[in-house]
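Chain letters run A, B, ... following the sequence lines, proteins first, then strands; residues in each count from 1.
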Amino acid sequence: MVDPSPSPSVDDPAKDDRTDATTGEQTGLDRFGDDKRVVAVRVDGETWDLSRPIPDGAAVEPVLIDSPDGLAILRHSAAHVAAQAVQSLHPEAKLGIGPPITDGFYYDFDLADPFTPESLREVEKVMQRIVKERQRFRRREVTDTEAAAELADEPYKLELIADKSRVAEDVVVHVGDGDGSGDASSVEVGAGQLTIYDNLKRDDSVAWFDLCRGPHVPHTGYIPAFSITRSSAAYWRGDQANKQLQRVYGTAWPSRDELKAYEFRLAEAARRDHRKLGAELDLFSFPDELGSGLPVFHPKGGVIKREMEDYVRRRHIEEGFDYVGTPHISKEGLFHTSGHLPYYKDTMFPPMELEGSSYYLKAMNCPMHNLIFRGRGRSYRELPLRFFEFGSVYRYERSGVVHGLTRVRGLTQDDSHSYVTPEQAPGEIRHLLDFVLGLLRDFGLDDYYLELSTRGDSDKFIGSDEEWAVATAVLEEAALGSGVPVVPDPGGAAFYGPKISIQTRDAIGRSWQMSTIQYDFNQPARFGLEYQAADGTRQQPVMIHSAKFGSIERFIGVLVEHYAGAFPPWLSPVQVVGVPVAGEYVPYLVEVADRLRTAGIRVEVDDSDDRMQKKIRNAQKEKVPFMLIAGGDDVAAGAVSFRYRDGTQKNGVPVEEAIREITDAVAARVQV
RNA sequence: GCCGCCUUAGCUCAGUUGGUAGAGCGACGCUCUCGUAAAGCGUAGGUCGUCGGUUCGAAUCCGACAGGUGGCUCCA
């Protein structure tokens, strides 16, 4: 840990002026002020500024700068510095909110002109000056009226003050979840006491102030390493109906070394970006002529796609699913029956008019599977009845959200629907969750969590309270029993029922929904699905939607980033490259390659005019897992030089042995 | 959809204050026959995303559209 204060021995303004210390009690600075890694104290579970007097007998712990709370405090203080800098450069800028988020902070401003890269550099310069000034953060408790008077020129702050009573959540420091969202109002004000934080210069004049719950670091000198990273527009309070504000994003760290390490991590992540690797490895592309969000898979990407499809088809059959097939378009009535059309008309491709009917490209497969279920009478003996297919669906995603393979307009779901009795539903859901977790394990993914999407208090859903309660309880029990971390997502359910989804993050930390399991009691009712029970009565089944990969396209994108293109051998588009030391050894390697190909291995022999070094380099750049190199010595010995992707090698390996090792590695589905 | 930025050869990029384009890699050809991450030489390839405007003249300035991109909103 590098000392965050550039000159700790110099007089610390916070130490000789404690306006809060009216009672003569000890403050956090008295206790911990010598240790610049301490940025706050926890007093009876609340996080306090170091300058606040600590009541006698209270339990007090230091909050270290590199703890999650400490980092959030550092970043929140950095947000104040950014805001002060922006308002000093643009006095007309009105303040929005400025919370800490993962790795950094943002601050929103109502500003006539958007920030430019140049103006952001200006902001950064002023911030550096403010940090150098070591402005002290002073906390002041104020009444609503006082706050409103002081912030009379800040309309957004006034709105927060007016809304204070609505905010019940008692959040001391809000740590963002990485996607930049977060309940804004809980960050700046909470229930009860309002506080204003002043930034004081050396002469105690107020350089800047903001309505804020705090806490903050003692002075701006505690913010040694930061940068402004980007700007963007953001709707006030996250509502599209509100005005767009200009948001400045920044990052802040306890030391320059940590800032550098963070920047290095970002650069590494950019190297893994599936859009970049997809082009470099010749896996897929997005031809302009097709339109936005419509990928084509090249032969090498096609191999990965086919391996995934083969895997998941085989597994579905093993798990008792029937493979079905449905068309890409349907008359619109089907989507009225299912209830989708009113909800998703705007995000479906517009209808085609034909012979007096409107046809839609399907955006989901479930209605068609329902028609198969309804195709004849069903008995309770058939249940669970499970349908599975690769369903290509088309969704007119808005232009601003299309993103590589992770958000496309045409995608293939490995979509399945299980029709079960209500009693069978819990068991089926556990079964599907096991299926999904096994699949993720087989593909080597380990960084994910479950999201439990429920109705919350939104009213955009159909079905009775009781049905929702039952469905939610069933999913919740399965999710909590899985051993995987579960994150609640109130309000995130499908309109027809709650869901469990697997969420994973891409190279730059954005999270994406992968597998889903949804409990649906609505569509069976809307389609009039029924089965004959043992007692001869007609009963309505529950349907459970599940997609194991989710979208094949998105899963490929995540796989590319997870492996940085170096796929496990069984998924590698080319598993083995033969590299002859010179042209005359090509026939020998072709013979070895033929034997590998017979064993089901994807193998190529590089018979180009390049030198062997170049061929090794090319295979290495293509991230081929195995290279077999052969020259005169090898031919004489009936052997090959075996080179792995990590650069290690074994010379003089008998051909038999090399073939066995490769086929074993491919069959084992392991990473090498 | 909203705000900002970007678009020059297959790829990665240069192109000074407006005066109709360059490099490296790749491709192709020739020479070299080579032992663990780039042999040498040569050739081809671009109406500078599209359309319109300003100008004697536009890759360069302005506008619209398309595609991409960073966020916001959305995500069955």
Side-chain angles (χ1 to χ4, degrees), chain A residues 106 108 111 113-117 119-120 179-181 229-249 273 275-276 279-280 282 285-293 335 338-341 343-344 346-348 362-367 393 395-404 406-407 413 415 453 460 492-497 499 501 508 510 512-513 516 518 520 523 545 547 551 554 579-586 609-621 627-634 641-644 647-651:
Chain A
Y106 67 79
D108 288 343
L111 194 58
D113 296 313
F115 292 99
T116 63
S119 69
L120 289 179
D179 58 4
S181 69
T229 48
R230 57 175 177 262
S231 64
S232 81
Y235 298 103
W236 167 239
R237 295 191 137 183
D239 188 338
Q240 214 171 348
N242 289 339
K243 184 164 186 180
Q244 271 198 335
L245 306 181
Q246 300 301 323
R247 176 170 296 178
V248 170
Y249 282 95
D273 192 307
R275 294 164 300 183
K276 181 177 156 64
E280 283 176 11
D282 198 15
S285 62
F286 296 87
D288 281 2
E289 292 84 345
L290 284 179
S292 179
F335 302 117
S338 70
H340 284 99
L341 205 52
Y343 286 89
Y344 303 114
D346 291 344
T347 44
M348 289 175 76
K362 69 176 171 182
M364 68 293 296
N365 305 297
C366 31
V393 299
R395 297 173 180 180
Y396 193 74
E397 301 285 3
R398 291 192 289 169
S399 56
V401 307
V402 169
H403 180 93
T406 43
R407 193 82 179 263
Q413 296 178 309
D415 205 1
S453 300
K460 69 166 185 171
F495 72 89
Y496 47 71
K499 73 179 176 194
S501 60
I508 50 178
R510 285 178 286 218
W512 297 99
Q513 173 181 297
T516 60
Q518 304 174 11
D520 185 357
Q523 286 197 57
H545 309 240
S551 142
R554 176 178 290 177
V579 175
V581 168
E584 62 184 289
Y585 309 114
V586 167
D609 285 342
D610 290 324
R611 284 180 166 38
M612 70 166 292
Q613 285 86 342
K614 182 67 173 295
K615 295 179 181 183
I616 289 169
R617 178 181 155 84
N618 287 342
Q620 199 76 44
K621 275 170 55 183
M627 269 179 252
L628 299 183
I629 299 163
D633 298 346
D634 300 293
S641 271
F642 203 121
R643 184 184 160 115
Y644 298 88
T648 59
Q649 52 172 311
K650 292 191 293 196
N651 292 330

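- B:U73 atom P lies 14 Å from atom CZ of A:R510, rounded to whole Å.
- The distance from atom CG of A:L120 to atom C1' of B:G70 is 12 Å, rounded to the nearest whole Å.
- Taking the side chain as every heavy atom from C-beta outward, A:K615 and A:I629 never approach each other to under 4.5 Å.
- Of the nucleotides present, none pairs with B:C32 by Watson-Crick or G-U wobble criteria with both distances under 3.5 Å.
- Atom-to-atom distance recorded for A:F115:CZ and A:Y249:OH is 13.0 Å, nearest 0.5 angstrom.
- Residue order along RNA chain B, read from the 5' end via each residue's closest nucleotide, puts A:V581 first among A:V581 and A:Q513.
- Residue-to-nucleotide contacts include no donor-acceptor pair under 3.5 Å from the side chain of A:Q613 to the base of B:U36.
- Distances were taken from every side-chain heavy atom of A:H403 (C-beta onward) to each of B:U36, B:G70, B:A39; the shortest belongs to B:G70.
- With B:G1, B:U36, B:G70 as the candidates, the nucleotide lying closest to the side chain of A:R230 is B:G70.
- Listed nucleotides B:G68, B:G35, B:U73 differ in distance to A:S292; the shortest reach to its side chain belongs to B:G68.
- Between A:Q649 atom CD and B:U36 atom P there is a gap of 8 Å when expressed in whole angstrom units.
- A donor and an acceptor atom sit less than 3.5 Å apart, one in the side chain of A:R611 and one in the base of B:C32.
- In this model, the phosphate group of B:C74 is not approached by any side-chain N or O of A:Y343 to a distance below 4.0 Å at OP1 or OP2.
- One finds no side-chain N or O of A:K615 lying less than 4.0 angstrom from the OP1 or OP2 phosphate oxygen of B:A39.
- Looking at heavy-atom distances under 4.0 Å, A:K276 makes no contact with the nucleic acid at all.
- Counting non-hydrogen atoms under 4.0 angstrom, A:D634 reaches a base of the nucleic acid.
- Listed here is the closest heavy atom pair of A:D113 and A:Q246: O-CG, 4.4 Å.
- The closest side-chain heavy-atom distance from A:H545 to A:K499 is not below 4.5 Å.
- Of the P atoms belonging to B:C62 and B:U17, the separation is 15 Å, rounded to the nearest Å.
- Among the heavy atoms of the strands, none lies under 4.0 Å from A:T516.
- For B:C75, its base sits under 3.5 Å from the side chain of A:R407 at one donor and acceptor pair at least.
- Residue A:G632 is in base contact, counting any heavy-atom pair closer than 4.0 Å across all strands shown.
- Of the P atoms belonging to B:C32 and B:G22, the separation is 33 Å, rounded to the nearest Å.
- Across the strands present, B:U12 finds its partner in B:A23; the criterion is a Watson-Crick or G-U wobble pair with both atom distances under 3.5 angstrom.
- Judged by distance alone, with hydrogens and angles left aside, the side-chain atoms of A:R554 form a donor-acceptor pair with the main-chain N or O of A:T406 at under 3.5 Å.
- By the stacking rule of 5.5 Å between ring centres and under 30° between planes, A:Y496 does not stack on the base of B:A76.
- Residue contacts for A:A234: at a heavy-atom cut-off of 4.0 Å it reaches the sugar-phosphate backbone alone, with no base atom in range.
- The base of B:G71 is not paired with the side chain of A:S231 by any donor and acceptor separated by under 3.5 Å.
- Nearest nucleotide to the A:A363 side chain, out of B:G26, B:A76, B:G1: B:A76.
- As rounded to whole Å, 8 Å separates atom C1' of B:A66 from atom CG of A:D288.
- One distance of note links CG of A:L245 with CH2 of A:W236; it measures 7.0 Å at 0.5 Å rounding.
- Base contact: A:D609 has a heavy atom under 4.0 Å from a base atom.
- A donor and an acceptor atom sit less than 3.5 Å apart, one in the side chain of A:T347 and one in the base of B:A76.
- In this entry B:G70 has B:C3 as its Watson-Crick or G-U wobble partner, both defining distances falling under 3.5 Å.
- If you check every strand for non-hydrogen atoms under 4.0 Å, A:E397 touches nothing.
- Applying the 3.5 Å distance criterion, the base of B:G1 shares no donor-acceptor pair with the side chain of A:Y396.
- On the C1' atoms, B:C56 is 32 Å away from B:A23, given to the nearest whole Å.
- Using cut-offs of 30° and 60° for the angle between ring planes, the A:H340 and A:Y496 rings count as perpendicular.
- Within 4.0 Å (heavy atoms only), A:R275 reaches sugar-phosphate atoms of the nucleic acid but no base atom.
- Only the C1' atoms considered, B:G26 is 39 Å distant from B:G1, to the nearest whole Å.
- At the heavy-atom level, A:D633 lies under 4.0 Å from base atoms of the strands shown.
- The partner of B:C65 is B:G49, judged by Watson-Crick or G-U wobble contacts that both fall below 3.5 Å.
- Of the listed nucleotides (B:U36, B:G70, B:A76), B:U36 has the atom at the smallest distance from the side chain of A:M612.
- Scanning atom types as modelled, one donor and one acceptor separated by under 3.5 angstrom connect the side chain of A:Q244 and the base of B:C2.
- Base pairing annotation: B:U60 forms no Watson-Crick or G-U wobble pair, as no partner gives both donor-acceptor distances under 3.5 Å.
- B:G10 and B:G49 have their C1' atoms separated by 16 Å, with the value rounded to a whole Å.
- We find that A:D273 and A:R275 are joined by a salt bridge, their nearest charged nitrogen and carboxylate oxygen being less than 4.0 Å apart.
- For A:E584 and B:C34, the CD to P distance is 7 Å, given to the nearest whole Å.
- Straight-line distance from the CH2 atom of A:W236 to the C1' atom of B:U73: 16 Å, rounded to whole Å.
- Residues A:M612 and A:Y585 are not in side-chain contact: their nearest non-hydrogen atoms beyond the backbone lie 4.5 Å or more apart.
- Place A:S399 and A:G404 on RNA chain B by their nearest nucleotides, and A:S399 ends up nearer the 5' end.
- Here A:Y235 lies in heavy-atom contact (under 4.0 Å) with a base.
- With a 3.5 Å ceiling on both atom-pair distances, B:G18 lacks any Watson-Crick or G-U wobble partner.
- Counting any heavy atom pair closer than 4.0 Å across all strands shown, A:G293 reaches sugar-phosphate atoms only and no base atom.
- In the set B:C72, B:A37, B:A76, the nucleotide with an atom closest to the side chain of A:M348 is B:A76.
- Taking atom CZ on A:F115 and atom P on B:C72, their separation rounds to 16 Å, with Å as the unit.
- Residues A:H403 and A:E397 form no side-chain contact, since every pair of their non-hydrogen atoms from C-beta on lies 4.5 Å or further apart.
- In this structure, A:Q240 places its CD atom 14 Å from C1' of B:G71, rounding to the nearest Å.
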